[in-house]
Amino acid sequence: MFFFRMIFRSFSRQFKRRLLIAVTVCLSATVSVAMLGVVFDVGDKLNAELSTYGSNITVQPKTDAVVNDLYNTGGDANSNASGTSESDPTTFLKESDAPKIKTIFWAFNITNFAPELNIHADVNCASESVDSSSCKASGVPIVGTWFAKTLHMDSGESTVAGMNGMRSWWKLDGSWPKDDSAQGLIGTTLASKLGVTKGDTVTLYKTTADGSRNKQRITITGIYDSGDSDNNAMYIPSFTAQVLANLSDSIDKIEVKALTTPDNDLARKASKNPNALTQDEWETWYCTAYPSSIAYQIEEVIPGSVAKQVRQVAALQGDVLQKTQAVMVLMTVLSLVAAAIAVANLMAASIGERGSELALLKAIGATDGAVSRLMLAETAVISLVGAIVGALLGSGVAQIVGHVVFGSGITMRPMVFVLVFVLLTLTVLIASFSSIRSILGLKPAEVLHGR
């Protein structure tokens with residue numbers, strides 16, 4: 001009871017100084033909770049943000065992967081939408097195997113995927129509104145793919161996959177084609193060259209491997225601007241492209257968009273040779289959503305395939321994540337240091353003002369330990385109130401940061417609050433150390449006589 005009465009009297013006499021301590025701890029708790037809350041959730045946010053810019057894993061036939069490694073081409077050995085090569089693919093995967101991607105261990109981390117058949121064809125206009133004599137192009141890159149295909153899995157679940165979700169950065173004038181139709185999209189560069197607009201019809205001509213000449217009329221439902229050389233291409237449903245090229249159930253590439261964990265030393269070691277891992281390392285790697293482990297699992301379910309992470313995306317994600325986390329941790333540390341300095345100064349000033357009171361306590365029999373505990377208890381109560389208020393404010397600030405920067409809220413983990421309270425406890429104890437030394441150095445006789 002004695003200590004509680006003294007605490008109450010101290011509050012009434014030095015309310016302003018104690019309020020400053022509470023505000024200092026509150027501000028430190030606010031910054032710490034907000035920053036650490038974002039730190040623990042920023043990985044998923046950055047993943048989701050970067051995933052809007054396309055796939056981070058590509059799947060191709062094993063033969064093509066060997067050619068890429070042998071000649072260090074760093075890309076698809078066959079033709080692609082950008083038109084960097086005018087040769088058609090010679091090795092294929094089965095389009096019917098593509099849905100198996102959603103059966104791997106990390107199936108729920110696969111947010112989207114789209115198979116592709118990259119071929120080349122001649123294009124003639126077939127619209128009365130366009131001069132067909134000038135509307136011709138040879139060797140145009142044609143990408144047969146899914147746009148928004150609904151897949152019904154053996155588990156009874158359904159999922160939608162296709163370019164509609166893979167190319168969210170495209171500027172599209174028109175609408176997306178329907179799968180299994182004679183519709184398509186055309187890039188702005190190619191559309192300008194041919195002089196066609198949405199709603200026009202063009203005819204594709206393709207000489208197949210057996211020498212036959214196939215043709216397919218395509219209705220343009222939209223014109224897209226990708227911002228790169230992809231604007232020279234056309235995108236049509238995969239079934240239509242397969243009929244045109246006489247390549248039933250064939251694809252030469254699958255783009256996969258997956259939520260992944262940034263690479264670390266274990267992931268880099270596994271990406272070089274998974275067989276070099278110990279049993280414990282292998283289990284940790286396989287059960288963590290690294291790009292390399294997801295790619296490995298995709299290879300397990302799609303025969304004759306090689307899945308590789310897009311290194312630029314993975315490196316960018318890891319680099320941005322590390323820098324973002326470093327900045328926020330630094331801000332947390334600086335706020336704690338500032339709080340420690342402020343609390344130490346305020347406590348020192350408080351002891352200076354209350355020197356006669358503390359000396360009197362020691363003169364009537366209070367031990368150094370009792371007086372020290374009195375000051376610590378007082379500071380602890382004030383700091384606890386400030387920390388609780390700061391934790392609530394910090395949660396709100398974290399949500400504001402999440403919505404402003406990432407467009408969604410931050411998931412506040414209980415570990416954040418535990419960690420912040422532990423750090424603040426250590427900060428207050430460190431700040432109180434010099435004040436406790438001052439209390440131990442008080443000599444009642446000298447203080448009470450004004451010496």
Side-chain angles (χ1 to χ4, degrees), residues 47 50-85 87-95 97-102 104 106-107 109-119 141-147 149 161-170 226 228-230 233 235 238 241 250-260 262-263 267 270-272 274 289-318:
N47 258 319
L50 291 174
S51 67
T52 62
Y53 297 100
S55 61
N56 52 356
I57 296 176
T58 58
V59 187
Q60 61 186 118
K62 187 173 294 185
T63 303
D64 288 348
V66 171
V67 172
N68 291 340
D69 292 339
L70 182 61
Y71 295 102
N72 195 27
T73 59
D76 208 345
N78 303 305
S79 65
N80 50 49
S82 64
T84 56
S85 171
S87 62
D88 283 351
T90 56
T91 57
F92 305 94
L93 301 172
K94 290 184 178 181
E95 183 185 30
D97 287 334
K100 294 179 181 179
I101 290 175
K102 290 293 288 183
I104 66 172
W106 288 106
N109 281 52
I110 305 295
T111 59
N112 205 345
F113 64 97
E116 296 179 13
L117 176 61
N118 292 277
I119 58 175
I142 306 295
V143 183
T145 187
W146 298 345
F147 295 101
K149 194 176 186 67
M163 286 293 173
N164 197 334
M166 296 288 290
R167 297 291 191 268
S168 57
W169 72 92
W170 276 4
S226 64
D228 55 26
S229 56
D230 210 13
Y235 281 75
S238 59
S250 298
I251 55 174
D252 64 295
K253 181 181 179 182
I254 305 175
E255 293 190 24
V256 181
K257 183 191 295 185
L259 296 177
T260 60
D263 280 346
S271 63
K272 294 178 180 179
Y290 296 121
S292 55
S293 64
I294 293 179
Y296 181 85
Q297 293 169 30
I298 291 175
E299 293 176 2
E300 289 182 317
V301 297
I302 299 185
S305 70
V306 170
K308 293 185 177 182
Q309 58 178 305
V310 180
R311 291 289 179 181
Q312 295 89 338
V313 175
L316 175 63
Q317 176 185 329

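These numbers were taken from a predicted model, which means no experiment stands behind them.
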Pair W170-D230, side chain to side chain contact (heavy atoms under 4.5 Å, CB included): steps then yes or no: CA-CA 10 Å; W170 276 4; D230 210 13; 3.5 Å; yes
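The backbone N or O of L259 lies less than 3.5 Å from a partner atom in the side chain of N109, making a donor-acceptor pair. No donor-acceptor pair closer than 3.5 Å links the side chain of D252 to the backbone N or O of T90.
Of the inter-residue distances, the one linking I57 atom CD1 with E255 atom CD reads 12.0 Å to the nearest 0.5 angstrom.
Residues forming a salt bridge (Lys or Arg N to Asp or Glu O under 4.0 Å) with K102 (at least two apart in sequence, or on another chain): none. Residues passing the side chain to side chain contact (heavy atoms under 4.5 Å, CB included) test with D97, sequence neighbours excluded: K94, K100, I302, P303. Qualifying side chain to side chain contact (heavy atoms under 4.5 Å, CB included) partners for E299, counting only residues two or more places apart in sequence or in other chains: S305, V306, A307. For S238, the side chain to side chain contact (heavy atoms under 4.5 Å, CB included) criterion is met by E95, W146, Q242, not counting sequence neighbours. Qualifying ring-ring contact (aromatic ring centres under 6.0 Å, His included) partners for F92, counting only residues two or more places apart in sequence or in other chains: none. Residues passing the side chain to side chain contact (heavy atoms under 4.5 Å, CB included) test with A114, sequence neighbours excluded: T145, M163, M166.
Here the shortest heavy-atom pairing between P89 and L117 reads CG-CD1, 4.3 Å. Shown here for A258 and I294, the closest heavy-atom pair between the two residues is CB-CD1, 4.1 Å.
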